[in-house]
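Working notes for the structure below.
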2 protein chains.
Amino acid sequence: MTTINEIAKLAGVSRSTVSRVLNHDKNVSDRTRTKVQAVIDEQGYQPNPVARSLTSGRTRVLGLVIPMVVSSLFRDPFFSLLAQGISTVCTLNNYTLMLWLMEPNYEKRTSDNILNNRLIDGIIVASSKIGDPLIEGLITRKVPLVQIGRNDCPDVSSVDADNIHGSVMAVRHLVSIGKNQLATITGQMELYSGRDRLTGFKHGLQENNLPICDERIAFGNFTEESGYTQTKLLLSKTAFDGLYIASDMMAFGAIRAIYEAGLRIPEDIAIVSFDDIPPAERHQPPLTTIRQPIRRMGSIAAQTLIDQLETDDTATPRRIILQTELKIRETTIRSEFSNHYSQMPVRSTP
Amino acid sequence: MTTINEIAKLAGVSRSTVSRVLNHDKNVSDRTRTKVQAVIDEQGYQPNPVARSLTSGRTRVLGLVIPMVVSSLFRDPFFSLLAQGISTVCTLNNYTLMLWLMEPNYEKRTSDNILNNRLIDGIIVASSKIGDPLIEGLITRKVPLVQIGRNDCPDVSSVDADNIHGSVMAVRHLVSIGKNQLATITGQMELYSGRDRLTGFKHGLQENNLPICDERIAFGNFTEESGYTQTKLLLSKTAFDGLYIASDMMAFGAIRAIYEAGLRIPEDIAIVSFDDIPPAERHQPPLTTIRQPIRRMGSIAAQTLIDQLETDDTATPRRIILQTELKIRETTIRSEFSNHYSQMPVRSTP
DNA sequence: TTTCCTTTTGAAACCGGTTTTAATGCTTCA
DNA sequence: TGAAGCATTAAAACCGGTTTCAAAAGGAAA
């Protein structure tokens, strides 16, 4: 691999000069610059980023941590979309992305790896648990950090969707279509997104003078599976005509459970969920859901982090909250042309 | 951040000695070793990996490239599972993972970034297109490489599922349940996995003395969407009682199309797909599919690459082909207790 | 032509490690 | 007691860049 010394020799200058040309330093005469640049181009020379990093202290590498609290979480398109948003911004800014998937089995180990890794300029942590030691560690070590999802610590930058307001909108919508016995299935209570969506649900009930009944609150963990089982649980112990469920994935499970119970959607139970991942629209029936701009959250987080790094201002935290949007589809309002399953053959006798 | 010099000073030795202790060099007296180690532990000193890399030429970073030929591809759990497998092996071996998602819009740009990036010791490329210039570039630059998915070049290591044999099994199964008018929807022909599954399908037909009819071959691209549209296309132009479709995601689309056409599964059309991603089993109806061990492909690829790097033997390519398995579910054989949709309410009149 | 100032360039120091080479100290043995 | 041999350690060179500092070159003014 060619080094700066060889380029210097070929161009007949010192390596300081080559370095200046590489870094667009103005203290180089035009004649020298063109001469050196010609050699660089001819040799297809690229400076060694490791050597560069050693002096500059910068690597142009960002870290992305995705805790797989439940390993199946990553199957959820949420993280794919997030990664896409982040990756694109990195590419456009000539950064590269280092990925850590935190499997529960190796949580401690991965966490240590991340903390001891000095290759990254900054890090994005997606939906970490409340009080996650990794976050504490990153803060102590002053690693520039942007969290996806809100956090308590006001010193940390974060990008989040307005979970509370989104949830209020969900309740309003259910009320507006005449539902008044509302139940909810929450996400994980270890995540702010899980808590906030429950808080918003309660706000919504209060706002509409509806009672908050504990037996109409079931606790899920964002997985399809938990959506299914918690819906069954709710159905078994209480009556309700509207369900606010904290993620689309869980809604898929809920719909299964509701159909298996022989109930109609939305006539018997209307459902509003949260996320609006791509399959939400394709699903039968298509989900009414609170859309959060997942991919955009990723790109904004990356852009924020890069801005902080490039302006050398990692001290002042930036906290960004993105608005959500109610997407009305057929789990709350049956469209005129809707035909959930109506063309699907019902099984003849076994 | 503490450096080796400070440790040396504190321990009252030269930095060479500290370096020896760090690298478990035997030429250090026990007395000195304990003394130095004590200081290291006390200070919580970790050597700077960038500086280390500069001399060692190793970074302990692996690259992972996921071309998003269709941007929606990454929504497919295939890549999530693959990434999981790779990530776990990296963590266990103290490697870190650098991720590139190749968006079609920035393909050239990303490709250049990857090629000019000298931070990685080796790279794993997942389902690259046939003749992908990135691969050529990596080979020319002698970057240690493992491909997920087969390739023509015998010099490159690869990990692949046995697409051809798996497809033959699919046909055998369809024939075994009495189907003899078989159609197929292929994956992308730019991918070996797409081609091989078609090849296997044809082998299967020949083996069973069934004709190969061009109008029963439709060309998809692995997306749910293409599964839907290509199934409609097939239904419109030919009759068939068995469908071999090259991915689970496409099968989801195909099922939609078949139900919309008012046909029964598996009575009118039986379906075998490929992959066995997690939703395949949960789907209604659950998919009969050829299982490929996706996560394991990822971990084997990573382990192979790491082995090659650590044994300094990146010259001899290793080509690994993993066996597939037929998972029989309800898109080919209705179970006794099956109840596809039978409990789901059919829409009353609008 | 000389002087002074501004550009431009090269030499040297540095980033934080590893590795080679040379020096030191300690044993061992004649 | 002195020389040889070995284990241990320090000094120095190196990895491939950037940056500081000083020197050289060039140009303008006197």
Scan [X] against the nucleic acid and name what it touches under 4.0 Å (heavy atoms): base, sugar-phosphate only, or nothing.
X: B:Val28; value: sugar-phosphate
X: A:Ser16; value: base
X: B:Val13; value: sugar-phosphate

Measure the spacing between CZ of B:Arg20 and OG of B:Ser14 and express it to the nearest 0.5 Å.
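OG of B:Ser14 is found 6.0 Å from CZ of B:Arg20.
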Would you give the length of the straight line joining atom CH2 of A:Trp100 to atom OG1 of B:Thr96, rounded to the nearest 0.5 angstrom?
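Atom-to-atom, A:Trp100:CH2 and B:Thr96:OG1 are 6.0 Å apart.
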Is the side chain of A:Arg60 donor-acceptor paired with the backbone N or O of A:Ile120 at a distance under 3.5 Å, no angle test?
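No.
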Quick check against the 3.5 Å criterion: does A:Arg15 have a side-chain atom that pairs as donor or acceptor with the backbone of A:Lys9?
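Checked: no pair found.
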How many whole angstroms separate atom NZ of A:Lys9 from atom C1' of C:dG10?
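Those two atoms, NZ and C1', are 15 Å apart.
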Looking at DNA chain C, which of residues 19-27 of chain B put a heavy atom within less than 4.0 Å of it?
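Residues of residues 19-27 of chain B that come under 4.0 Å of DNA chain C are, in numerical order, B:Ser19, B:Arg20, B:Asn23.
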Which residues within residues 36-59 of chain B lie with some heavy atom under 4.0 Å of an atom in DNA chain C?
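Within this stretch, B:Tyr45, B:Pro47, B:Asn48, B:Ala51, B:Arg52, B:Leu54, B:Thr55 sit under 4.0 Å of the strand.
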At less than 4.0 Å, is any side-chain N or O atom of A:Thr17 found next to OP1 or OP2 of C:dG10? Yes or no.
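Result: yes.
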Around atom CG of B:Asp41, are there more than 12 heavy atoms of other residues, nucleotides or ligands at under 6.0 Å?
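Yes, because the 6.0 Å sphere around CG of B:Asp41 holds more than 12 heavy atoms from other groups.
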Do other residues, nucleotides or ligands put more than 12 heavy atoms under 6.0 Å from the OH atom of A:Tyr45?
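More than 12 heavy atoms, drawn from other residues, nucleotides or ligands, come within 6.0 Å of this atom.
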Sort out for me which residue in A:Asp152, A:Asn151, A:Asp160 forms a side chain to side chain donor-acceptor pair (under 3.5 Å) with A:Tyr192.
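Only match with A:Tyr192 under side chain to side chain donor-acceptor pair (under 3.5 Å): A:Asp152.
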First contact, last contact: which nucleotides of DNA chain D are these for chain B, 5' to 3', heavy-atom distance under 4.0 Å?
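In short, chain B contacts DNA chain D from D:dT8 to D:dG16.
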Do you know which two heavy atoms are closest between B:Arg118 and A:Gln46, and how far apart they sit?
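Closest approach of B:Arg118 to A:Gln46: NH1-O, 3.0 Å.
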How far apart are the closest heavy atoms of B:Asp132 and B:Leu134, and which atoms are they?
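Shortest heavy-atom separation between B:Asp132 and B:Leu134 comes out as OD1-N, 2.8 Å.
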Can you list the steps and then say if B:Glu310 with B:Arg58 is a salt bridge (Lys or Arg N to Asp or Glu O under 4.0 Å)?
CA-CA 10 Å; B:Glu310 313 244 300; B:Arg58 295 262 159 112; 5.7 Å; no
Residue among B:Asp313, B:Asp312, B:Leu305 satisfying side-chain contact (heavy atoms from CB on, under 4.5 Å) with B:Leu309:
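Output: one option passes, namely B:Leu305.
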